[in-house]
2 protein chains.
Amino acid sequence: MAKKNKNQDTEGQILSAAKNVFQKKGMDGARMQEIADEAGINKAMLHYYYRSKQLLFEAVFSNAFSLLAPQLNKILNDDSSIEEKVKNFTHNYISFISKHPYLPNFIIQELNRNPKFFEKIQQNTAFPTLEKFNNQVKSEVEQGILKPIDGEQLFINIISLNIFPFVATPLIKGLLKIDDKGFKQLMEKRKNALSEFIINSIKK
Amino acid sequence: MAKKNKNQDTEGQILSAAKNVFQKKGMDGARMQEIADEAGINKAMLHYYYRSKQLLFEAVFSNAFSLLAPQLNKILNDDSSIEEKVKNFTHNYISFISKHPYLPNFIIQELNRNPKFFEKIQQNTAFPTLEKFNNQVKSEVEQGILKPIDGEQLFINIISLNIFPFVATPLIKGLLKIDDKGFKQLMEKRKNALSEFIINSIKK
DNA sequence: TTATGGTTTAACCATTTGGTTAACAAAGAT
DNA sequence: ATCTTTGTTAACCAAATGGTTAAACCATAA
């Protein structure tokens, strides 16, 4: 029950509230007043600390992206074998997402709205690169560990299979006629089913 | 160079303009004035024909969904073998999407914004069901044609692999450091790479 | 105690936005 | 020809929204 230390705290309060609102409603759907309400402060404070809606949004966006980037790095720049990385990634990612359910859709959506955001992030964040992954795939194919496959296509496959269900959750729920509970169970089963599926396809 | 037959034409004009604007900017980002401008008519006409932004949006949304539904039906309710369906679907879908680049993202995004839309569509459209597909997978597994796999997971895999690249295009372009042309080439190669990938994984 | 500086608020403002209205044009119907 | 219905427009309106301001608040250093 500690006393709030005024300023430092409200700035975080704002960012946290903004995160909630922006990730649920997107840049266009979010309202400054709603963010203020969620933070329990006056709307003018948003501008005092972040100047404009645009800048507040960018703070939230960078923040979100810097959460996702390390996940991608795990599969791109880790030193273990492709097989191990696939297994680890598919197991970890689903758990990771459960803690940040709005994250992938938020990033994808806002990147679609304004593709130029990429440039802004590329400077801020330690940015994932495909180079190492491509070389590793090539090498394991040559060694006969993997069937012939293009590194870029494999990468797209892995992230598609992992991320898509969480981006298209309502679509999947609708088509499969399942509710929230059913979806969670399905994703839990998926932790194993998915890595099996991928490994089956690429391992010689 | 035929004369415009007044009413019938403008209603379509509006729907077409609304489609463009809504699919690019989403419900929240779209402006009625922009739709009117794109249609080259007075803003009041939008309300004359569609009453409200919400109703105009719903017209566009149903319309879009009824374009996507037959695609899903091809893989769910066609009579050919799973292998054939996978091959056909992955070949056709990429071509299909090139003609409607904003479609999948639009549907997914707006379904996220308001999951209740599903109910509204379910009545209008011939709605895809998993039943037949599930039975078929089960049967082919029992016959030893396919390795053991859950029908629902396989379905999720297929649509993830096909749809995700077109939902997350800016993300993929950014990570792979490719431009529009490079992306198109990659998707062209993908027509074969992807069906190989899936078949490799499931065929005994 | 009293300046001083950053922090917070209520009230306000200009603009945007979805929607309406009243008048007008066009084209059948009588 | 004229009455009636339907289509179309410019002007308008009220509400919402991002942003500003001037005054109040409050901790702390002098």
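The sequence lines fix the lettering, A, B, ..., with proteins before strands; numbering per chain opens at 1.
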Report yes if a side-chain nitrogen or oxygen of [X] is closer than 4.0 Å to either non-bridging phosphate oxygen (OP1 or OP2) of [N]; otherwise report no.
{"X": "B/Arg31", "N": "C/dG18", "result": "yes"}
{"X": "A/Tyr49", "N": "C/dT8", "result": "yes"}
{"X": "B/Thr10", "N": "D/dT8", "result": "yes"}
{"X": "B/Ser52", "N": "C/dG18", "result": "no"}

Worksheet item: On DNA chain D, nearest-nucleotide positions of B/Ile41 versus A/Met32: which is more 5'?
Response: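 Counting from the 5' end, the first nearest nucleotide belongs to B/Ile41.
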Worksheet item: When you match A/Ala30 and B/Gly40 each to their closest nucleotide on DNA chain D, which lands nearer the 5' end?
Response: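 Nearest nucleotide further toward 5': that of B/Gly40.
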Check the distance between [N]'s [atom2] and [X]'s [atom1] and give it to me in whole angstrom.
{"X": "A/Lys43", "N": "D/dT20", "atom1": "NZ", "atom2": "P", "value": "10 Å"}
{"X": "A/His47", "N": "C/dT9", "atom1": "NE2", "atom2": "P", "value": "15 Å"}
{"X": "B/Glu11", "N": "D/dT6", "atom1": "CD", "atom2": "P", "value": "14 Å"}
{"X": "B/Gln33", "N": "C/dT15", "atom1": "CD", "atom2": "P", "value": "17 Å"}
{"X": "A/Ile14", "N": "D/dG18", "atom1": "CD1", "atom2": "P", "value": "15 Å"}
{"X": "A/Asn42", "N": "D/dG18", "atom1": "CG", "atom2": "P", "value": "14 Å"}
{"X": "A/Lys53", "N": "D/dG19", "atom1": "NZ", "atom2": "P", "value": "8 Å"}
{"X": "B/Asp9", "N": "D/dT6", "atom1": "CG", "atom2": "P", "value": "19 Å"}

Item to complete: Answer whether the closest heavy-atom distance between the side chains of B/Lys173 and B/Asp180 falls below 4.5 Å.
Response: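 With C-beta onward as the side chain, the pair touches.
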Worksheet item: Going by heavy atoms in the side chains, are B/Asn88 and B/Lys74 under 4.5 Å from each other?
Response: no
Practice prompt. Examine distances only and state if a side-chain atom of A/Gln71 and a backbone atom of A/Phe89 form a donor-acceptor pair shorter than 3.5 Å.
Written response: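 Flag not set: sc A/Gln71 to bb A/Phe89 has no pair under 3.5 Å.
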Worksheet item: Backbone N or O of B/Asn77 within a donor-acceptor pair of the B/Lys132 side chain at under 3.5 Å?
Response: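 Yes, because the side chain of B/Lys132 sits within donor-acceptor range (under 3.5 Å) of the backbone of B/Asn77.
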Worksheet entry | Nearest-neighbour nucleotide for the B/Met45 side chain, D/dT9, D/dG18, C/dG18 considered | D/dT9
Discussion item. Base, sugar-phosphate or nothing for B/Ala36? Non-hydrogen atoms, less than 4.0 Å.
Written reply: nothing
Worksheet item: Of B/Arg51 and A/Tyr48, whose nearest nucleotide on DNA chain C comes first from the 5' end?
Response: A/Tyr48
Fill in: Of A/Phe57, A/Phe106, A/Phe65, the residue whose pairing with A/Phe117 passes ring pair (Phe, Tyr, Trp, His ring centres under 6.0 Å)
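Of all the options given, the one that passes is A/Phe57.
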